[in-house]
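Read the structure below first, then the notes.
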Number of protein chains: 2
Amino acid sequence: MARTTGSDGEKTEATIRGAAVNLIARFGYEAMSMRQLAAEVGVQAAALYRYFPTKEELLFTLMREHMEGLATAWEAARPADADSAQLLSAYVRNHIAFHIERRHATHVSNMELRSLSPERLTQILRMRTAYEKELRTILRDGAETGTFSIDDTGLTAMALIQMMTGVIVWFRPGERLSIAEVTATYLSMTMRLVGARIGTYSAARPFGRAKDAVAF
Amino acid sequence: MARTTGSDGEKTEATIRGAAVNLIARFGYEAMSMRQLAAEVGVQAAALYRYFPTKEELLFTLMREHMEGLATAWEAARPADADSAQLLSAYVRNHIAFHIERRHATHVSNMELRSLSPERLTQILRMRTAYEKELRTILRDGAETGTFSIDDTGLTAMALIQMMTGVIVWFRPGERLSIAEVTATYLSMTMRLVGARIGTYSAARPFGRAKDAVAF
DNA sequence: GAATTAATCGAACGTTCGTTTTATTATCAC
DNA sequence: GTGATAATAAAACGAACGTTCGATTAATTC
């Protein structure tokens, strides 16, 4: 009974976070119990409350930090003094890379909005909207300069984001396609979709072999 | 106490299904309780078990029928003796129409896989795979005839499906864009994405007004 | 080394869950 | 009208939940 020898608060908290992301991604937030999470971490459920006051606070923290991480990554990746095509290219690359690396956290971030209380939900949605707005701005500017040919920027932005984020649904590291190949292909598809004129972006062929329809 | 005057089994079952789809879409399957569902329907929780033996069976039924409905709709919509571009066009139109009309059921079908038992999950995944294979076949054939220019059919198929299905995330009937406009735009984007040669599909401009970046 | 703080444990709280059981009433079939 | 079936209600079962509380031990600070 009582404090376990060798316990370290920072390590335990990090373990809790990691285990929570995995368990929520796999079972769902509502289906994951605190006892299950605690067992995964190697503590009793009561110990979790030393780090997170409520189950929802744990979820909110994971989701908020995911969005903050995305915003930060995009801020670092966004090229200065770049034209629309370059900006879009950077956006796509960053988006794919970020989400592939955090498949489970992305899963949680996209699928557990319903379990947040209204105020917290508002916060997360605001962050998502801000990120989406970045893409809309790129598309609008590109359309205005004639770099892109877009029917509706709002719709196009959402369609692209859904398409790109959807990579986490099917991509599995170590399988047929590499991250580089996937990224290049998504970029190529994106540029075509927005009607970018040939030559406004570098879209080297991502595959050395002939097209085939190997099943996923 | 006991049977309510005017009760009708068929009507009650239909009401249960409808209410379940709405509640699950809104709160999530795990968060929705049978008492909550029963209250929404206007019966006691025990009554639900006359129609569905378990909560999971209810979910499975909703998801299975959603997929069956989609397969049936595609079967009816698929044109006979059509080329790849026409097939893809029909696929996109059917996909968008079907999902927009069943936003909540789609939500449930996509987000609650985790709550199914392994055997049931396998069944649903098989149905999804079959539907996806239809698109892959269209893309592959189109690529072989040179109608489309595709880097990787498997990836492209998944990207398209994620993009199109994602319409339910943002589309709201009665708002800025009509279903026809949305459908036309998704079709236009799809054709570009797959590198369909101009002239191989009818992509009339879906908007009469200038492109703008009105926020969603 | 003593006091304080940190990190855990075990037990328990109050509530809710999916589900079953029994009883009751309504509707249908003959 | 009688018997069978359908459709519901009310009560309860056994289990599990998120969380709190008090106690205990480990680590840190002075």
Side-chain angles (χ1 to χ4, degrees), chain A residues 1-21 23-24 26-63 108 112 114-120, chain B residues 1-21 23-24 26-63 108 112 114-120:
Chain A
M1 176 177 188
R3 179 167 183 167
T4 306
T5 303
S7 58
D8 175 321
E10 286 191 15
K11 282 184 184 165
T12 302
E13 182 171 344
T15 306
I16 291 172
R17 288 160 178 269
V21 164
L23 288 176
I24 296 176
R26 181 169 168 195
F27 298 102
Y29 167 77
E30 298 286 344
M32 176 198 80
S33 73
M34 298 300 263
R35 287 173 176 80
Q36 184 184 15
L37 174 59
E40 190 74 20
V41 173
V43 298
Q44 297 297 312
L48 301 177
Y49 293 86
R50 201 181 155 277
Y51 303 91
F52 300 97
T54 63
K55 188 182 180 186
E56 187 193 330
E57 189 70 31
L58 167 61
L59 176 66
F60 176 65
T61 299
L62 296 177
M63 294 171 77
V108 173
E112 306 294 353
R114 296 173 296 183
S115 295
L116 293 178
S117 62
E119 314 79 48
R120 290 203 172 92
Chain B
M1 174 179 187
R3 181 170 180 165
T4 306
T5 303
S7 57
D8 175 320
E10 287 190 15
K11 283 183 183 166
T12 301
E13 182 171 345
T15 305
I16 291 172
R17 288 161 178 268
V21 165
L23 289 177
I24 296 176
R26 183 170 167 195
F27 298 103
Y29 167 77
E30 297 287 345
M32 177 198 80
S33 72
M34 298 301 263
R35 288 172 176 80
Q36 183 184 16
L37 174 59
E40 189 73 21
V41 174
V43 297
Q44 298 296 309
L48 300 178
Y49 293 86
R50 198 176 158 280
Y51 304 92
F52 301 96
T54 62
K55 188 182 180 184
E56 186 192 332
E57 190 70 31
L58 167 61
L59 176 66
F60 175 65
T61 299
L62 295 177
M63 293 171 76
V108 172
E112 305 294 352
R114 295 172 297 184
S115 295
L116 292 177
S117 63
E119 313 78 51
R120 291 201 173 91

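Here is the naming used below: chain letters follow the sequence lines, and residue numbers restart at 1 for every chain. Note that the structure is predicted; figures quoted are calculated from it, not measured.
Every residue was checked against the side-chain hydrogen bond (donor to acceptor under 3.5 Å, both in side chains) condition with A:Gln44, not counting sequence neighbours, and none meets it. With sequence neighbours excluded, the residues forming a salt bridge (Lys or Arg N to Asp or Glu O under 4.0 Å) with B:Glu13 are B:Arg17, listed by chain and number. Partners of B:Ala47 under the side-chain contact (heavy atoms from CB on, under 4.5 Å) rule, at least two apart in sequence or in another chain, are B:Val43. Residues passing the side-chain hydrogen bond (donor to acceptor under 3.5 Å, both in side chains) test with A:Arg114 are B:Glu112, sequence neighbours excluded. Applying the side-chain hydrogen bond (donor to acceptor under 3.5 Å, both in side chains) test to A:Arg3 and every residue at least two apart in sequence or in another chain returns A:Ser7. Legend: residues meeting side-chain hydrogen bond (donor to acceptor under 3.5 Å, both in side chains) with A:Thr12, ordered by chain and number and at least two apart, are absent.
Atom CG in A:Leu48 sits about 14 Å away from atom C1' in D:dT20, given to the nearest Å. Taking atom CG of B:Leu59 as the reference point, atom C1' of C:dT19 lies 17 Å away to the nearest angstrom. Put simply, NZ on B:Lys11 is 15 Å from C1' on C:dA26, counting in whole angstrom units. Across the protein-nucleic acid pair, B:Lys55 atom NZ and C:dT20 atom P stand 14 Å apart, rounded to whole Å.
Applying the side chain to side chain donor-acceptor pair (under 3.5 Å) test to residues at least two apart or on different chains, the pairs with a partner in residues 54-63 of chain A are A:Glu56-A:Ser117, A:Glu56-A:Arg120, A:Glu57-A:Arg120.
Each end of the helix from C:dG1-D:dC30 to C:dC30-D:dG1 gets its own axis, taken as the rotation carrying the C1' atoms of four end pairs onto the next four within a five-pair window, and the two axes meet at 20° to the nearest 10 degrees.
Map B:Met32 and B:Gly6 each onto its nearest nucleotide of DNA chain C; the residue landing nearer the 5' end is B:Met32. Ranked by how close their nearest DNA chain D nucleotide is to the 5' end, A:Ser33 and A:Pro53 are led by A:Ser33.
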>> Please encode protein proximity along nucleotides 3-15 of chain C as a string of B, S and -, counting only heavy-atom distances under 4.0 Å.
In response: ---BBBBB-B---

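You'll find the side chain of A:Leu62 reaches within 4.5 Å of the side chain of A:Ile24, heavy atoms only.
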